[in-house]
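Here is the naming used below: chain letters follow the sequence lines, and residue numbers restart at 1 for every chain.
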Protein chains: 2
Amino acid sequence: MHRTKIRVAEDALDANATIARANRDDFDRHGVGVVNLMSAPGAGKTTLLERSIEALEGVRIGVLEGDVQGTIDADRIAGHHIPVTQLNTDPGFGGECHLDANMVRSAVPALALDDIDLLVIENVGNLVCPAEFRVGEDARAMVTSITEGEDKPLKYPLMFRTCELVVVNKIDLLPHLDFDLDRFLANLDAVNPGVRRLLVSAKTGEGIEPWVEWLAAIPARAAVTTAA
Amino acid sequence: MHRTKIRVAEDALDANATIARANRDDFDRHGVGVVNLMSAPGAGKTTLLERSIEALEGVRIGVLEGDVQGTIDADRIAGHHIPVTQLNTDPGFGGECHLDANMVRSAVPALALDDIDLLVIENVGNLVCPAEFRVGEDARAMVTSITEGEDKPLKYPLMFRTCELVVVNKIDLLPHLDFDLDRFLANLDAVNPGVRRLLVSAKTGEGIEPWVEWLAAIPARAAVTTAA
């Protein structure tokens, strides 16, 4: 009798990686590029996405909204007439503080994968746990607001390290804050040397062109993965 | 033979409550009142504490700093020549996103409980999980920055519900933001009707007197508890 050895996925992160790969396979099969977008609460992810939807040309975008409760962000995004799905993490006591691969898996059937090229997963606002869980994305980006202070890369290093792109938002407030941009950038380089950073104001639209170009290039990555 | 039934603490929150009570007993024995201070990253907890240390008269304050990594906030507080202890949550992968009672328990021997009347525990910056774990505090307060937007009470209801006092910080930025204060306060009342709220600017010092008075009254609660 032939027996196959199966290694038991002993810890949660191992199981998470397995499910993330299944999500990724589904996204690739539909040629959909996926971005995991993270930040602290109120850093401006949704406003940045609203701007991006208007600016993206020739790329069909969809959004998966992760929140503890409610559909506030999903309602904002839906106003732009693109496919949006809400994922709430609150069945547990107090709610989960992050998305994991299995939560995203449960949303996959609800995603309009045939009708989009790019899926942005807006994670729960939190600088710690979301960085620990892959959900099947092609790329990770984060938004950090200058109102949060210069020290955040040093205090939440895994988050700043795990992203290939750091969007530094609310630069329109620079004249009104004691924010030392050079010190922030030095702290960023201390934890993730040379990581690409974009200074933007999602509110005024200043600086968002390179962000939109970066987003628009994500579906090509999924295509490459599929072809390989 | 006499047998005592002991209910097994089956879940983590039950165990947490048991340890929180042990912490609370230790604090009470020393007549120390304890505040669990929570917020999103960068809302201004440490700046508010620095202001409070200067303004508190006749109350000996100590601070327990909770952070994933580093001692940035503890170093800032230590500059004010009060007892400060750093608790880092990063032994796990990526670090814990909150303090729990057992982490605080591990710090108790390092706290100068005989030399202080008031202990402020500055929790990890996060609007989700810290609200789920009591650590032995007499009171819970939170800081929310107006830069985070009006919708935060609706998106993180447990946090806004679990606190008896909500400090609305950075009001010096009000003229520079599209922030609708009335809408924010209506959202706050929707999740925690009538909860006490204080509008402050930790940066300029505007409005912090009632906060400092509230802080100064906390040790009396511990005394009452001890006498009971």
Side-chain angles (χ1 to χ4, degrees), chain A residues 11-13 39-44 46-47 67-73 76 88-90 92-98 124-133 144-159 161-162 169-170 172-179 187 191 203, chain B residues 11-13 39-44 46-47 67-73 75-76 88-90 92-98 124-133 144-159 161-162 169-170 172-178 187 191 203:
Chain A
D11 69 37
L13 285 173
S39 80
T46 311
T47 303
D67 286 297
V68 177
Q69 276 195 15
T71 59
I72 296 172
D73 292 347
R76 286 171 62 186
N88 283 136
T89 69
D90 69 352
F93 176 63
E96 292 291 330
C97 64
H98 59 275
V124 178
N126 179 355
L127 290 183
V128 188
C129 301
E132 299 176 27
F133 293 86
T144 183
S145 161
I146 63 170
T147 58
E148 295 163 18
E150 301 92 350
D151 57 356
K152 293 302 161 295
L154 304 180
K155 293 182 75 175
Y156 303 92
L158 181 65
M159 176 59 77
R161 224 171 252 149
T162 196
N169 192 22
K170 306 195 189 179
D172 53 291
L173 294 175
L174 210 41
H176 311 297
L177 303 173
D178 293 332
F179 181 80
N187 289 341
V191 302
K203 181 179 165 185
Chain B
D11 69 37
L13 284 172
S39 80
T46 310
T47 302
D67 286 296
V68 177
Q69 275 195 15
T71 60
I72 295 172
D73 292 346
D75 294 343
R76 285 171 63 185
N88 282 135
T89 70
D90 69 351
F93 175 63
E96 291 290 330
C97 63
H98 59 276
V124 178
N126 179 356
L127 289 183
V128 188
C129 301
E132 300 176 27
F133 293 87
T144 182
S145 161
I146 62 170
T147 57
E148 295 162 19
E150 301 92 350
D151 57 355
K152 293 302 161 293
L154 303 180
K155 294 181 75 175
Y156 303 92
L158 182 65
M159 175 60 77
R161 225 170 251 148
T162 196
N169 192 22
K170 307 196 188 178
D172 55 291
L173 293 176
L174 211 38
H176 310 297
L177 302 173
D178 292 333
N187 288 341
V191 302
K203 180 178 164 185

Worksheet item: Where on A:N88 is there a heavy atom nearer than 4.5 Å to chain B: the side chain, the backbone, both, or neither?
Response: neither
Fill in: Heavy-atom contact with chain A under 4.5 Å, split by part of B:D151
both
Fill in: Region of B:P41 in contact with chain A, defined by heavy-atom distances below 4.5 Å
both
Discussion item. Could you check whether any side-chain N or O of A:D73 sits under 3.5 Å from a backbone N or O of A:T46, counting only pairs where one atom can act as donor and the other as acceptor?
Written reply: no
Worksheet entry | Any donor-acceptor pair under 3.5 Å from B:N187 side chain to B:E150 backbone | yes
Discussion item. With rounding to the nearest 0.5 angstrom, report the CG to OG1 distance, B:D67 to B:T89.
Written reply: 8.0 Å
Practice prompt. Below 4.5 Å from any heavy atom of chain A, which atoms of B:K155 appear? Answer side chain, backbone, both or neither.
Written response: both
Practice prompt. Name the region of A:I72, side chain, backbone, both or neither, that has any atom closer than 4.5 Å to a heavy atom of chain B.
Written response: side chain
Discussion item. Do A:V124 and A:E96 have side chains that approach each other closer than 4.5 Å (heavy atoms only, starting at C-beta)?
Written reply: no
Worksheet item: Of the listed residues (A:L127, A:D178, A:T162), which shares the most heavy-atom pairs with chain B below a 4.5 Å separation?
Response: A:D178
Practice prompt. Counting only heavy atoms closer than 4.5 Å, note whether B:L154 contacts chain A via side chain, backbone, both or neither.
Written response: both
Worksheet item: Step by step, would you call B:L173 with A:L177 a side-chain contact (heavy atoms from CB on, under 4.5 Å)?
Response: CA-CA 8 Å; B:L173 293 176; A:L177 303 173; 3.5 Å; yes
Discussion item. For chain B, which candidate among A:G70, A:G125, A:S145, A:G149 shows the most heavy-atom pairs at distances under 4.5 Å?
Written reply: A:G125
Item to complete: Would you check if A:T47 and A:R76 make a side-chain contact, meaning some heavy-atom pair closer than 4.5 Å?
Response: yes
